[in-house]
Amino acid sequence: MHSLPVAAGLAYGKVQAIDPPASRASHGSGRLRASRTAIAGLPGFAAVALLLAFAFVAGCDRDAVPPPPAKRPAVVRDAAGHVIIEGDDSIAASLTWEPPAAAVPADGLDAARKAAAKALAAGNLHADATSAIPLYLAILQQVPDDAKAREGLQRATAAVVAEGDAALAGAGDDIEALRQAHQAAAVLRAVAPRDAATVAYLERVDRADQLWELNRGAETELREGRLGEEGSGGALSRLREALRLQPGQPRAMQGLAAVESGLIRRAEEAGARGDFGAAKRWLGLAALVRPRNDTGTIEDARARVAAMRAARILRLRDEGLQALREHGNANDLALARNRLAELLRIADPGDPAAAELRERIELASHYGVFHPGQAFTDALGQGARGPEMIVVPHGAFRMGAAPEEPGASDAERPQHYIRFGRGFALSRTEVTVGEFRRFVTATGYRPTATRRGYSMAYDARSGNFVRSTGVDWRSAYDGGTARDDMPVVHVSARDADAYAEWLAKQSHQRYHVPSEAQFEYALRAGSRTLYPWGAGAPAPRTGNLTGSLDVGPNGRRWHNAFPGYGDGSWGPAPVGRFRANAYGLHDMAGNVSEWVADCWHDGYRRAPDDGDAWVNPGCRVRTMRGGAWASSPDQTRSAWRAPARVDTTNARLGFRVAREL
């Protein structure tokens, strides 16, 4: 028989593994059936005695296990919902039953019958010699054909079945109840082993043993983390087998809930690590454990994991943005990109947090802490501010004149492709007299015309530019005193470089005179036409240009000018009076021509393609760009350029500054 090894496993369930029995025959009934013929031929008393002997042997002839000290077990559940049977209680002592010896003298049969009936009515079935079954057996030992005793014994065995079934009802997670069920089984095996009710009851006990062992094994697997979610082994297969034996069995259902909880816990742990792919997989497996579960457990878990993911997405975005705010070196940008990569791995397509961080990284990689079109000034110390700067967007363009461009020279060719991988900033207007004054006052610098004592100024009487003594950066185009809001003129390339170097030192930023490529790129502002504004005459208020409607102080008019255009100025105008271009820059095409950082070259062959200035050691001739108040239409073209010695100063030539981002 197999009850003993199973029961032994239950007694020491925390440490002992039990192999499942090869056969599930009903508790020793086979040995009893094999003896039916011999028993049937004996007289009544002898048959009963031999039957008891066989029953005792059948209950005890295999693997006898000494019972451990009796202890009422405790049934507890841990935080994960696992059922744990504590204590070393054994049901081995209940596997056999020997009828207590009831003394019934020959003249006491009536009294014994009454005592047995009374014990049966009181439910005292088999505990001791005064119980119903021992008394009925003692009566039948003396009077084997006693009909009332035989009827009473049948009623008593039926009561034992009922008692056993009551114990089985609570035997799912109560070892004491299972022990009581086994005790009833031992009594029935001893008293009525061939009875159909006994055989059926023993099968129910056998199923309870299987359920106990399956549940106990599943709980061990649960404690050791073997959930069996992949479909082989582990707690889940044992629990499903238990539920196949008894659908809805509470202990197994609790075990399923514990498996589901374990999978949910794994999902949440994966979410805490940021592995939301694994979290989704664990939740999917959890949903299969109890597919008809309508408690909302899985949906609640999905909501918690979704909240974890949303929180992580926002944290990654914030960490990326913080790195960009501290963007002082390449490591900060790399950290922001790392956070974006992690964010994209867990976010849904089109997630706004990812889009925001991607856009900010894109801006930072091209503009640092700025954005295209932004206006800003840098602090210069002691409360002073530098010139207003405008962020020019990064991009590419074709620099120079097209092959058949009218008015172009070979010095403006070949047209070549320039790409700015990073944005830069240009001063919104030309540097003014007031801004240059702050530089001279702060440094004591002596500009070229000041040291030399003259510059080329406009002579209103002749209409020409003439060498004028005492004219320098403080002078207007005609030699008079310049206002502070006028573009500074009468400055050399060296003066422009000195001012930019002072700005760089004061602001700790990279200021310089713009490269020729930077100037033309900003001048065109995305256009590809002959002039920055298009191919024909300028619209009103385009800039301070030579127009046929302009009239000088002595009534002079331009002989080579834009027909039908007038701007009301003869000579430079205060900076910023005319419309800005598409990049927000003023006076790029007019007012005064401007120094750039490049040395003069007769053409663009072998010119840099990254927008950097093209310089040579010991350069004595620089390049000037952009039309002026006295420039012809051909000199106002976007591609126009001209050479000038580095110490050149005149009333048509000023500068603006650039700053790297």
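No donor-acceptor pair closer than 3.5 Å links the side chain of His371 to the backbone N or O of Leu363. No side-chain donor-acceptor contact under 3.5 Å links Thr648 to the backbone of Ala644. Side-chain N or O atoms of Asp598 include none that pairs as donor or acceptor with a backbone N or O of Ala613 at under 3.5 Å. One N or O on the side chain of Ser548 and one on the backbone of Gly564 form a donor-acceptor pair closer than 3.5 Å. In this structure, Ser468 contributes its side chain and Val471 its backbone to no donor-acceptor pair below 3.5 Å. A donor-acceptor contact shorter than 3.5 Å links the side chain of His601 to the backbone of Cys599. Arg659 places no side-chain N or O within donor-acceptor distance of the main-chain N or O of Tyr511, the cut-off being under 3.5 Å. Between the His366 side chain and the Gly421 main chain, a donor and an acceptor come within less than 3.5 Å of each other. Of the possible polar contacts, one joining the Ser515 side chain to the Gln518 backbone as a donor-acceptor pair under 3.5 Å is found. A side-chain donor-acceptor contact under 3.5 Å links Asp495 to the backbone of Thr448.
Screening Glu594, Glu430, Arg656 for a side chain to side chain contact (heavy atoms under 4.5 Å, CB included) with Pro487, the sole residue that qualifies is Glu430.
By the ring-ring contact (aromatic ring centres under 6.0 Å, His included) test, Phe397 pairs with Tyr521, sequence neighbours left out. By the salt bridge (charged side-chain N to carboxylate O under 4.0 Å, His left out) test, Arg315 pairs with Glu319, sequence neighbours left out. Arg645 meets the salt bridge (charged side-chain N to carboxylate O under 4.0 Å, His left out) test with Asp647; sequence neighbours excluded. Scanning for side-chain contact (heavy atoms from CB on, under 4.5 Å) contacts around Ala482 gives Val433, Ala476, with sequence neighbours left out. By the ring-ring contact (aromatic ring centres under 6.0 Å, His included) test, Trp473 pairs with Phe436, sequence neighbours left out. Every residue meeting the side-chain contact (heavy atoms from CB on, under 4.5 Å) condition with Arg577, not counting sequence neighbours, appears here in chain and number order: Arg483, Asp485, Pro574. The ring-ring contact (aromatic ring centres under 6.0 Å, His included) test applied to Tyr565 returns no partner, not counting sequence neighbours. Residues satisfying the salt bridge (charged side-chain N to carboxylate O under 4.0 Å, His left out) criterion with Arg437, sequence neighbours excluded, are Asp484. Partners of Glu520 under the salt bridge (charged side-chain N to carboxylate O under 4.0 Å, His left out) rule, at least two apart in sequence or in another chain, are Arg524, Arg625. Not a single ring-ring contact (aromatic ring centres under 6.0 Å, His included) links Trp600 to another residue, sequence neighbours left out.
Nearest approach of Asp567 to Gly543, heavy atoms of both residues: OD2-O, 3.5 Å. When every heavy atom of Ser427 is checked against every heavy atom of Pro387, the shortest pair comes out as CB-CB, 4.4 Å. The heavy-atom pair separating Asn581 from Ala525 by the smallest distance is ND2-CB, 3.8 Å. The two residues Val513 and Trp595 have their closest heavy-atom pair at CG1-O, 3.3 Å. Considering all non-hydrogen atoms of both residues, Tyr445 and Val440 come closest at O-CG1, 3.4 Å. Shortest non-hydrogen contact noted between Pro393 and Tyr583 is CG-CE2, 3.6 Å.
For the 3.5 Å distance criterion, the side chains of Asn591 and His586 fail to qualify, holding no donor opposite an acceptor.
A distance of 6.0 Å or more separates the ring centres of His394 and Phe420. Between Tyr458 and Trp629, the distance separating the two ring centers is shorter than 6.0 angstrom. Ring-centre distance between Tyr477 and Trp570: not below the 6.0 Å cut-off.
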(request) Quick one: do Arg413 and Glu405 satisfy salt bridge (charged side-chain N to carboxylate O under 4.0 Å, His left out)? Show the steps, please. (result) CA-CA 10 Å; Arg413 301 188 181 99; Glu405 183 173 310; over 6 Å; no
(message) The test is side chain to side chain donor-acceptor pair (under 3.5 Å); show your working for Thr542 and Arg579 and say whether it passes.
(response) CA-CA 6 Å; Thr542 295; Arg579 286 190 289 110; 3.2 Å; yes
(request) List the steps, then state whether side chain to side chain donor-acceptor pair (under 3.5 Å) holds for Ser462 with Asp459. (result) CA-CA 6 Å; Ser462 66; Asp459 178 33; 2.7 Å; yes
(request) Give the C-alpha distance, both sets of side-chain angles, the deciding distance and a yes or no for salt bridge (charged side-chain N to carboxylate O under 4.0 Å, His left out) between Arg622 and Asp497. (result) CA-CA 12 Å; Arg622 291 272 282 272; Asp497 290 339; 2.9 Å; yes
(message) Would Arg438 and Tyr499 count as a side chain to side chain donor-acceptor pair (under 3.5 Å) here? Give the steps.
(response) CA-CA 10 Å; Arg438 284 194 291 273; Tyr499 176 80; 5.9 Å; no
(request) Report the C-alpha separation of Leu503 and Leu380 in whole Å, then their side-chain angles, then the decisive distance to 0.1 Å, and conclude whether the side chain to side chain contact (heavy atoms under 4.5 Å, CB included) test is met. (result) CA-CA 7 Å; Leu503 281 181; Leu380 302 181; 3.9 Å; yes
(request) Begin from the C-alpha positions of Leu263 and Val289 and carry the test side chain to side chain contact (heavy atoms under 4.5 Å, CB included) through to its verdict. (result) CA-CA 9 Å; Leu263 292 169; Val289 173; 3.6 Å; yes
(request) Could you give me the CA-CA distance, side-chain angles and deciding distance for Asp378 and Gln506, then say whether side chain to side chain contact (heavy atoms under 4.5 Å, CB included) is met? (result) CA-CA 9 Å; Asp378 285 317; Gln506 288 291 304; over 6 Å; no
(request) Please test Ser492 against Thr649 for side chain to side chain contact (heavy atoms under 4.5 Å, CB included), starting from the C-alpha separation and ending with a verdict. (result) CA-CA 5 Å; Ser492 67; Thr649 64; 4.0 Å; yes
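Residues Glu299 and Arg302 are paired through a salt bridge, judged by an N-O separation under 4.0 Å between the basic side chain and the carboxylate. Electrostatic pairing of Arg637 and Glu412 counts as a salt bridge here, judged by a charged N lying under 4.0 Å from a carboxylate O. Glu660 and Arg422 are not joined by a salt bridge, as no carboxylate oxygen comes within less than 4.0 angstrom of a charged side-chain nitrogen.
Evaluation of the side chain to side chain donor-acceptor pair (under 3.5 Å) test over residues 342-361, restricted to residues two or more places apart or in two chains, returns Arg309-Asp348, Arg312-Glu342, Arg317-Glu356. The list of salt bridge (charged side-chain N to carboxylate O under 4.0 Å, His left out) pairs with a residue in residues 504-513, not counting sequence neighbours, is empty.
Figure legend: cation-pi geometry between Arg467 and Tyr454, with NZ or CZ positioned under 6.0 Å from the six-membered ring centre and within 45° of its axis.
Taking CD1 of Ile313 as the reference point, atom CG of Leu357 lies at 11.5 Å (rounded to 0.5 Å). Separation of atoms CH2 (Trp282) and CD (Glu229) is listed at 4.5 Å; rounding is to 0.5 Å.
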